[in-house]
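Okay, structure first, notes after.
All values reported here derive from a predicted model rather than from experimental measurement. We're numbering straight along the sequence, starting at 1.
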Amino acid sequence: MANRTRDLNNIFSLDLYLETSRGTGRKHQLQKLIPSKATCHPLMCWDIASGGGNKKPTAAEVQHLQKLAARYHWTIDFEPILVKKFDALIVTDSDQKIIWASQVFKTMTGYSPTYALHKKPSFLQGKKTSQKTRKEIREVIKKGEAVEATIINYRKDGSEYLCQIEIIPLFSKSLLPSHFLAIEKMI
């Protein structure tokens with residue numbers, strides 16, 4: 001028990017720790033957890049509390065997607081897709097250039113959706129991004145198929161994040177994918 005109370009970095013949840021602790025009671029355990037020198041750290045991400053990936057599209061975002069679907073004659077039902085948990089939505093054209101990004105794209109990446117327009121999502125990639133994964137994604141997209149992958153991306157401030165991406169082809173009436181919808185979630 002003494003080793004567990006010394007290293008606060010290994011405690012994932014205070015509630016779980018206290019529930020599993022045995023001995024002299026919760027009040028005594030809490031006193032053992034309080035370090036002699038308190039260090040305050042700023043909250044870097046609300047996803048610590050929310051678990052991340054719990055965003056739902058706003059009515060305006062759904063409306064915008066529906067307008068794009070009408071303009072490009074996509075034959076897709078967005079309803080089952082938009083109930084998935086995500087941090088950002090991105091639509092690219094067949095050349096992989098971003099034509100739309102949800103507002104939470106800025107929260108995830110630091111870049112505004114307007115800044116991302118006409119850029120390829122690869123602008124978010126960097127030194128630690130797996131070239132093998134990038135190649136696999138490109139090959140599946142060329143076939144016009146859906147693909148899921150996890151990749152290291154970089155925020156505007158240069159910090160990296162692990163991003164789970166599901167890319168769904170958006171087919172026009174000609175049965176060829178004209179665009180792609182990326183559902184992105186930080187993990």
Side-chain angles (χ1 to χ4, degrees), residues 13 43-125 129-130 132-156 159-187:
S13 169
L43 182 61
M44 300 302 289
C45 178
W46 283 108
D47 288 338
I48 292 170
S50 72
N54 290 317
K55 312 289 186 295
K56 291 186 178 184
T58 65
E61 290 170 336
V62 170
Q63 188 176 38
H64 193 84
L65 282 172
Q66 290 170 338
K67 284 180 183 179
L68 288 171
R71 180 186 310 158
Y72 296 109
H73 308 288
W74 295 333
T75 56
I76 187 167
D77 179 12
F78 283 114
E79 195 171 323
I81 294 169
L82 297 179
V83 297
K84 297 180 181 203
K85 295 178 180 181
F86 66 89
D87 285 308
L89 298 172
I90 298 169
V91 177
T92 65
D93 63 16
S94 58
D95 294 326
Q96 300 306 301
K97 291 186 179 171
I98 297 170
I99 65 163
W100 178 80
S102 62
Q103 286 300 312
V104 292
F105 178 80
K106 182 171 184 171
T107 304
M108 185 174 76
T109 67
Y111 294 101
S112 72
T114 305
Y115 177 84
L117 288 179
H118 312 294
K119 291 178 176 52
K120 292 187 176 194
S122 59
F123 85 93
L124 297 168
Q125 298 165 1
T129 304
S130 167
K132 179 182 174 192
T133 303
R134 288 182 67 189
K135 182 180 177 189
E136 290 169 358
I137 291 171
R138 279 193 306 271
E139 288 174 1
V140 173
I141 287 175
K142 281 182 186 176
K143 296 176 188 175
E145 298 174 0
V147 62
E148 288 185 40
T150 302
I151 197 162
I152 295 175
N153 278 345
Y154 291 82
R155 294 180 186 88
K156 185 177 182 179
S159 62
E160 62 186 53
Y161 64 98
L162 196 56
C163 187
Q164 181 180 0
I165 305 168
E166 181 180 359
I167 301 172
I168 301 167
L170 301 171
F171 293 93
S172 64
K173 290 181 180 177
S174 68
L175 302 177
L176 297 173
S178 63
H179 295 80
F180 294 88
L181 172 65
I183 302 168
E184 299 190 359
K185 181 176 158 185
M186 287 188 299
I187 52 173

Report task. Nearest 0.5 Å please: distance from the NE2 atom of His118 over to the CD1 atom of Ile99. Result -> 9.5 Å

Query raised in the report: Of the non-hydrogen atoms in Arg155 and Glu160, which two are nearest, and what is the gap between them?
Result: NH1-O, 3.2 Å

Query raised in the report: Should Ile76 and Ile81 count as side-chain neighbours, where that means a heavy-atom distance under 4.5 Å?
Result: yes

Report task. Determine the minimum heavy-atom distance between Lys85 and Ile183, stating which atoms define it. Result -> O-CG2, 4.3 Å

Report task. Carefully, step by step, assess Ile168 and Phe78 under the rule side chain to side chain contact (heavy atoms under 4.5 Å, CB included). Result -> CA-CA 11 Å; Ile168 301 167; Phe78 283 114; over 6 Å; no

Would you be so kind as to tabulate the donor-acceptor pairs closer than 3.5 Å made by side chains of residues 58-73, with sequence neighbours excluded?
{"unit_1": "Thr58", "atom_1": "OG1", "unit_2": "Glu61", "atom_2": "N", "d": "3.1"}
{"unit_1": "Glu61", "atom_1": "OE1", "unit_2": "Thr58", "atom_2": "N", "d": "2.9"}
{"unit_1": "Glu61", "atom_1": "OE2", "unit_2": "Gln103", "atom_2": "N", "d": "2.9"}

Query raised in the report: Does a sphere of radius 6.0 Å around NZ in Lys119 hold more than 12 heavy atoms from other residues, nucleotides or ligands, not counting ones at 6.0 Å or beyond?
Result: yes

Query - Rounded distance [0.5 Å steps], SG in Cys163 versus CE in Met186 - result: 8.5 Å

Query raised in the report: Which heavy atom in Ala116 sits nearest to a heavy atom in Phe105, and how many Å separate them?
Result: CB-CE2, 3.6 Å

Query raised in the report: Which value, rounded to the nearest 0.5 Å, describes the distance between Lys120 atom NZ and Asp93 atom CG?
Result: 8.5 Å

**Report entry** Residue pair Ile165, Thr150: steps toward the side chain to side chain contact (heavy atoms under 4.5 Å, CB included) verdict
**Finding:** CA-CA 6 Å; Ile165 305 168; Thr150 302; over 6 Å; no

Requested in this report: May I ask you to decide if Lys97's main-chain N or O and Thr92's side chain share a donor-acceptor pair within less than 3.5 Å?
Outcome: no

Requested in this report: Identify the heavy atoms of Lys185 and Phe86 that sit nearest to each other, and give their distance.
Outcome: CB-CA, 4.4 Å

Report task. Identify the two heavy atoms, one from Pro169 and one from Gly144, that lie closest to each other, and give their separation to 0.1 Å. Result -> CG-O, 3.4 Å

Report task. Specify the closest pair of heavy atoms between Val104 and Ala88, including all atoms of both residues, with the distance to one decimal. Result -> CG2-CA, 3.9 Å

Query raised in the report: Out of curiosity, Ile152 CD1 to Tyr161 OH, how far, rounded to the nearest 0.5 Å?
Result: 11.5 Å

Query - Contact check, side chains of Leu181 and Trp74, non-hydrogen atoms, under 4.5 Å - result: no

Requested in this report: Side-chain contact test, heavy atoms from C-beta onward, threshold under 4.5 Å: evaluate it for Gln125 versus Asn153 and give yes or no.
Outcome: yes

Query raised in the report: Nearest 0.5 Å, what's the CG-OG distance between Leu170 and Ser94?
Result: 11.5 Å

Report task. For the residue pair Asp87 and Glu184, establish whether any side-chain heavy-atom pair is separated by less than 4.5 Å. Result -> no

Query raised in the report: Rounded to the nearest 0.5 Å, how far does CD of Gln96 lie from NZ of Lys142?
Result: 10.5 Å

Query - Flag side-chain contact, heavy atom, 4.5 Å: Ser178 against Phe180 - result: no

Query raised in the report: Is the shortest heavy-atom distance from the side chain of Thr109 to the side chain of Phe123 under 4.5 Å?
Result: no

Requested in this report: Please list, chain by chain and in numerical order, all residues satisfying side chain to side chain contact (heavy atoms under 4.5 Å, CB included) with Ala149, sequence neighbours excluded.
Outcome: Thr133, Ile137

